[in-house]
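Taking it in order: structure first as structure tokens, then the write-up.
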There are 2 protein chains.
Amino acid sequence: MQRGGGRRGMLRRGWGGKFKECGYRMTVPRKAIMDVLGDSDKHLSAEDIYLTVHRSYPNVGLTTVYRTLELLTDMGMIVKFDFGDGRARYELAEGPDKKHHHHLICRRCKRIIEYTEFIDEEMDFLNRAEKGLSEKYKFDIKGHVIHFYGICDKCRYK
Amino acid sequence: MQRGGGRRGMLRRGWGGKFKECGYRMTVPRKAIMDVLGDSDKHLSAEDIYLTVHRSYPNVGLTTVYRTLELLTDMGMIVKFDFGDGRARYELAEGPDKKHHHHLICRRCKRIIEYTEFIDEEMDFLNRAEKGLSEKYKFDIKGHVIHFYGICDKCRYK
DNA sequence: TAGTTATTGAAAACGGTTTTCATTATCAAT
DNA sequence: ATTGATAATGAAAACCGTTTTCAATAACTA
């Protein structure tokens, strides 16, 4: 199912142009990395991506993966997360194919559950908080992160 | 002012006992590290703490700072944060001397602003979200983190 | 097609954190 | 107080994800 649906190749199709507009060259390694990100709905680490790309393009190096991820992050096409397990995770930025969401993180097994519930209620609170905080602290708020930490069901009973 | 008020020595006074109860020995380096944490209201890195402790106890090593911080974190006496600048930060856990709060993080200068506003509204939303998420995902929620990212006033005009 | 230059891969460097291990200090039992 | 078992320590080395270096290569422009 992972490679079947409508999400496939989204990054390349939708953003290939934007990529060139910014003056960057479209290369084989970059296409491959973008495809992996577009095909997955997981929270991939640089190494995850490297290993997947490596299956089709064994000569693409980990360095290039890091460099491309930084580029895509800076362009706002993907988002970099830190869930506290010592390595950064990347996922598609919010957009037509990616709903606004947050994460539950299991402190024991580090599993990450993505949820999209309560977003309306959240917006209510966030809008007011962002407005108030922006004014009081003269802080131009660009984004937010909400993480819930705890123990997942699999870990609780073992 | 930083060393004057009622917060002084809080960690040692309030938690020294708890510390021994857990079977840990109370040592000079540990007392020194706990004092630094109790005296400060900043978000200290391991190195910050090491440098401060080093002024009074030059033979306390960075390793011991890391080990003590891990211990205190596991005991729930302090909280470890990652604000995305590549080093962990530590602060007193919520309690009589530390109000529930969250953080604004400047993406440019990495400055961290602590705020305690909107906590009531937040609680409203969080309680409902935690309840719903716990049930739906069978996830035992222990805590949460809310970070706002943006550009602080000092960085905006330069 | 050629030339400019962005991009690449391999290896080395980096930096915060953790591990190793012999030494030292703490605490309970005397 | 003294002793003895062992938890805690500091210095150095290891660790590991990430970044930098640099010569070779590939992508776009003219």
Side-chain angles (χ1 to χ4, degrees), chain A residues 12 16-36 43-75 77-90 110, chain B residues 12 16-36 43-75 77-90 110:
Chain A
R12 183 184 39 206
K18 185 181 175 186
F19 205 77
K20 286 182 94 169
E21 281 168 31
C22 292
Y24 299 121
R25 294 180 180 173
M26 184 49 59
T27 67
V28 171
R30 281 176 181 170
K31 270 211 278 283
I33 292 163
M34 290 161 88
D35 278 349
V36 172
H43 308 81
L44 303 173
S45 68
E47 196 184 0
D48 291 336
I49 296 165
Y50 167 72
L51 289 174
T52 306
V53 167
H54 194 263
R55 288 204 291 266
S56 313
Y57 304 90
N59 37 0
V60 170
L62 183 54
T63 312
T64 297
V65 173
Y66 276 109
R67 281 190 284 230
T68 303
L69 290 172
E70 188 186 3
L71 214 58
L72 294 172
T73 304
D74 288 347
M75 295 173 70
M77 293 160 75
I78 62 174
V79 182
K80 184 180 184 178
F81 280 104
D82 188 315
F83 295 119
D85 66 341
R87 57 185 56 194
R89 306 272 169 177
Y90 301 84
K110 312 296 180 195
Chain B
R12 183 183 40 205
K18 185 181 176 186
F19 205 76
K20 286 182 92 169
E21 281 168 30
C22 292
Y24 299 121
R25 295 180 180 173
M26 185 47 60
T27 67
V28 171
R30 281 176 180 170
K31 271 211 279 284
I33 292 163
M34 291 161 88
D35 279 349
V36 171
H43 307 82
L44 303 172
S45 68
E47 195 184 2
D48 291 336
I49 296 166
Y50 167 72
L51 290 174
T52 306
V53 167
H54 194 265
R55 288 204 291 267
S56 312
Y57 303 91
N59 36 2
V60 171
L62 183 56
T63 311
T64 297
V65 174
Y66 275 109
R67 280 191 285 232
T68 303
L69 289 172
E70 188 185 3
L71 214 58
L72 295 171
T73 304
D74 288 346
M75 295 173 69
M77 294 160 76
I78 62 175
V79 182
K80 183 180 184 177
F81 280 104
D82 188 313
F83 294 119
D85 67 340
R87 55 184 58 193
R89 306 273 169 177
Y90 301 85
K110 312 297 179 194

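Worth saying up front: this structure is predicted, and the values here are computed from it rather than measured. Every chain is numbered from 1, with letters handed out A, B, ... down the list of sequences.
Whole-Å rounding puts the Ile49(B) CD1 to dG16(C) C1' distance at 14 Å. Taking atom CE on Met34(B) and atom C1' on dA8(D), their separation rounds to 15 Å, with Å as the unit. Remark: P of dT18(D) and OH of Tyr50(A) are 14 Å apart, rounded to the nearest angstrom. Rounded to whole angstrom, the span from the CG atom of Asp82(A) across to the C1' atom of dG16(C) amounts to 13 Å. Rounded to whole Å, atom P of dC28(D) lies 14 Å from atom CD of Glu21(A). In this structure, the OH atom of Tyr90(A) is 13 Å from the P atom of dG17(D), given to the nearest Å. The separation between Tyr24(A) atom OH and dT8(C) atom C1' is 16 Å, rounded to whole Å. In this structure, NZ of Lys80(A) is placed 7 Å from P of dT18(D), rounded to the nearest angstrom.
Nearest heavy atom pair, residue Arg30(B) against residue Arg25(B), reads NH1-O, 2.8 Å.
Summary of the strand contacts: Ala46(A) and Leu62(B) both lie near DNA chain D, and taking for each the nucleotide with the nearest heavy atom, the more 5' one is attributed to Leu62(B). Judged by closest nucleotide on DNA chain C, Gly61(A) is the one of Gly61(A) and Arg67(B) placed further toward the 5' end. Comparing Arg87(B) and Val60(A) by the nucleotide of DNA chain C whose heavy atom lies nearest to each, the residue mapping closer to the 5' end is Val60(A).
Counting only heavy atoms from C-beta outward, the side chains of Arg67(B) and Thr63(B) approach each other to under 4.5 Å. Counting heavy atoms from C-beta on, the side chains of Lys80(A) and Glu70(A) never come closer than 4.5 Å. No side-chain heavy atom of Tyr90(B) sits under 4.5 Å from any side-chain heavy atom of Leu72(B).
Distances were taken from every side-chain heavy atom of Ala88(A) (C-beta onward) to each of dT20(D), dT18(D), dT8(C); the shortest belongs to dT18(D). Checked against dT26(C), dT18(C), dC28(D), the side chain of Thr63(B) finds its nearest nucleotide in dT18(C). In the set dA6(C), dG9(C), dT18(D), the nucleotide with an atom closest to the side chain of Pro29(A) is dG9(C).
An OP1 or OP2 oxygen of dT26(C) is reached within less than 4.0 angstrom by no side-chain nitrogen or oxygen of Arg30(B). Under 4.0 angstrom from either OP1 or OP2 of dT9(D) there lies at least one side-chain N or O belonging to Thr27(B). Note on Tyr66(B): every side-chain N or O is 4.0 Å or more away from OP1 and OP2 of dT18(C).
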From CA spacing to verdict: salt bridge (charged side-chain N to carboxylate O under 4.0 Å, His left out), Asp82(B), Arg87(B): CA-CA 7 Å; Asp82(B) 188 313; Arg87(B) 55 184 58 193; over 6 Å; no
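Across all strands, Arg25(A) comes closer than 4.0 Å to base atoms (heavy-atom distances).
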